[in-house]
Amino acid sequence: MTITPDTLAASIKSALATSETAALSGFEAAERLAALNLNTARSLFEDGIAAVRALTAAKTPNDLVALQTALVQPAAEKAMTYFRSSYEIVAQGVEEAIKPFEAQYAELNKAVAEALEKAAKSAPVGSEVAVAAVQSAIAAANSAYDNLNKATRKVVAITEANVAATAKAAAQAVTPPTAKKTA
C-alpha cells in the first residue's frame with residue numbers, strides 16, 4: 001500500500017474530525033452535568049431554607065419529629081435522582097465520545113483488509129503462509145476487540161442495574177414506617 005500526500009492528508013482530516021466530534025460530545029456532557037449540578041444546588045438551597053422555616057415554626061417536640069420524618073424521604077429521593085441523573089449523563093457522554101472512534105476503527109479495519117487482499121494477490125509465490133499469518137493476526141485482534149467491547153457493554157449494563165437497585169433500596173430504607181393509631 002502506497003501512502004501519498006493525499007491519502008495522508010485525508011487520514012489526518014478524518015482523525016481530526018473524529019477527535020473533534022468526540023471532544024464536542026464531551027463538552028456537551030460536561031455542560032449537561034454542570035447544569036444538573038447548578039439546578040441541584042439551587043434546589044438544595046431552596047429546600048434548606050424551607051426546612052429551616054418549617055423547623056422554626058414547629059411548636060412541640062412531636063412537631064419536630066414529624067417534620068424531620070417528613071423531610072428525610074424527599075431528600076433521599078432527590079439525592080438518588082441526582083446520582084442517577086449524573087450517572088446517566090456520564091454514561092451517555094462516554095457512549096457518544098466512543099461512537100466516532102468505533103466508526104473510524106471499522107473504516108480502518110476495512111482499509112487494512114482491502115490492502116491485505118491486494119497485497120495477497122500481488123505477493124510472490126510462496127508468501128501465502130505469511131499473508132495467512134497476517135490475516136489470522138488481524139482476525140484475532142478484531143475478535144479480541146469485539147470481545148472487549150461486548151464485555152464492557154455488559155459491565156455497563158450490570159452497573160446500570162446495580163445503580164437502579166441501589167436507588168430503589170435506598171428509597172425504601174428511608175421510607176418512614178406508617179404509624180399505627182391506638183384506640
Side-chain angles (χ1 to χ4, degrees), residues 3-57 67-114 138 141-176:
I3 297 178
T4 64
D6 290 340
T7 57
L8 182 60
S11 295
I12 291 170
K13 285 180 183 177
S14 176
L16 181 61
T18 300
S19 297
E20 179 185 15
T21 302
L24 288 174
S25 68
F27 284 129
E28 289 171 5
E31 287 174 349
R32 289 179 25 222
L33 197 56
L36 174 66
N37 288 338
L38 286 172
N39 289 335
T40 300
R42 179 177 306 182
S43 177
L44 285 173
F45 176 74
E46 291 169 354
D47 291 349
I49 295 295
V52 168
R53 285 185 179 144
L55 288 170
T56 58
L67 185 59
Q68 185 179 19
T69 303
L71 293 174
V72 169
Q73 185 174 0
E77 288 174 357
K78 285 182 181 183
M80 293 312 299
T81 299
Y82 168 78
F83 289 122
R84 191 177 314 120
S85 296
S86 61
Y87 173 79
E88 288 173 1
I89 290 170
V90 171
Q92 289 170 355
V94 168
E95 185 72 26
E96 290 300 314
I98 289 173
K99 279 182 185 178
F101 291 106
E102 287 178 339
Q104 190 173 30
Y105 174 78
E107 288 178 29
L108 177 64
N109 196 18
K110 182 179 174 186
V112 167
E114 289 172 0
I138 290 173
N142 287 337
S143 177
Y145 174 79
D146 289 341
N147 289 338
L148 180 63
N149 199 4
K150 287 177 187 174
T152 302
R153 293 192 189 279
K154 269 188 184 177
V155 167
V156 168
I158 290 168
T159 302
E160 288 174 352
N162 286 341
V163 167
T166 302
K168 184 177 178 182
Q172 289 174 346
V174 297
T175 301

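These figures come from a predicted structure and were not determined experimentally.
The distance from atom CG of L36 to atom OG1 of T40, rounded to the nearest 0.5 Å, is 4.0 Å. In this structure, CG in L33 is found 11.5 Å from CD in Q92, a value given to the nearest 0.5 Å. Put simply, CZ on R32 and OG on S86 are 11.5 Å apart, with the number rounded to the nearest 0.5 Å. The structure places CG of N37 at 13.0 Å from CZ of R42, a figure rounded to the nearest 0.5 Å. To the nearest 0.5 angstrom, Y82 atom OH is 11.0 Å from N39 atom CG. To the nearest 0.5 Å, the span separating OG on S143 from CG on L148 amounts to 11.0 Å.
Within the 4.5 Å cutoff, the side chain of L71 has no heavy atoms near those of the D47 side chain.
Between the side chain of T56 and the main chain of R53, a donor-acceptor pair closer than 3.5 Å is present. The backbone N or O of A10 sits nowhere less than 3.5 Å from a side-chain atom of S14 that would complete a donor-acceptor pair.
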Task: CA sep, side-chain torsions, deciding dist, call: Q73, E77, side chain to side chain donor-acceptor pair (under 3.5 Å) - done: CA-CA 6 Å; Q73 185 174 0; E77 288 174 357; 2.8 Å; yes

- [ ] Apply side chain to side chain contact (heavy atoms under 4.5 Å, CB included) to E95 and I98, showing your working.
- [x] CA-CA 5 Å; E95 185 72 26; I98 289 173; 5.6 Å; no

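Summarising the local packing, CD of Q68 is surrounded by 12 or fewer heavy atoms from other residues, nucleotides or ligands at distances under 6.0 Å.
When every heavy atom of A22 is checked against every heavy atom of P100, the shortest pair comes out as N-CG, 4.1 Å. Of all non-hydrogen atoms in S25 and G93, the two that sit nearest each other are OG-O, 4.4 Å.
Residue T18 is tested with Q104, K99, E102, K13 for a side-chain contact (heavy atoms from CB on, under 4.5 Å); the sole match is Q104.
The ring pair (Phe, Tyr, Trp, His ring centres under 6.0 Å) analysis of residues 86-105, with sequence neighbours excluded, yields the pairs Y105-Y145.
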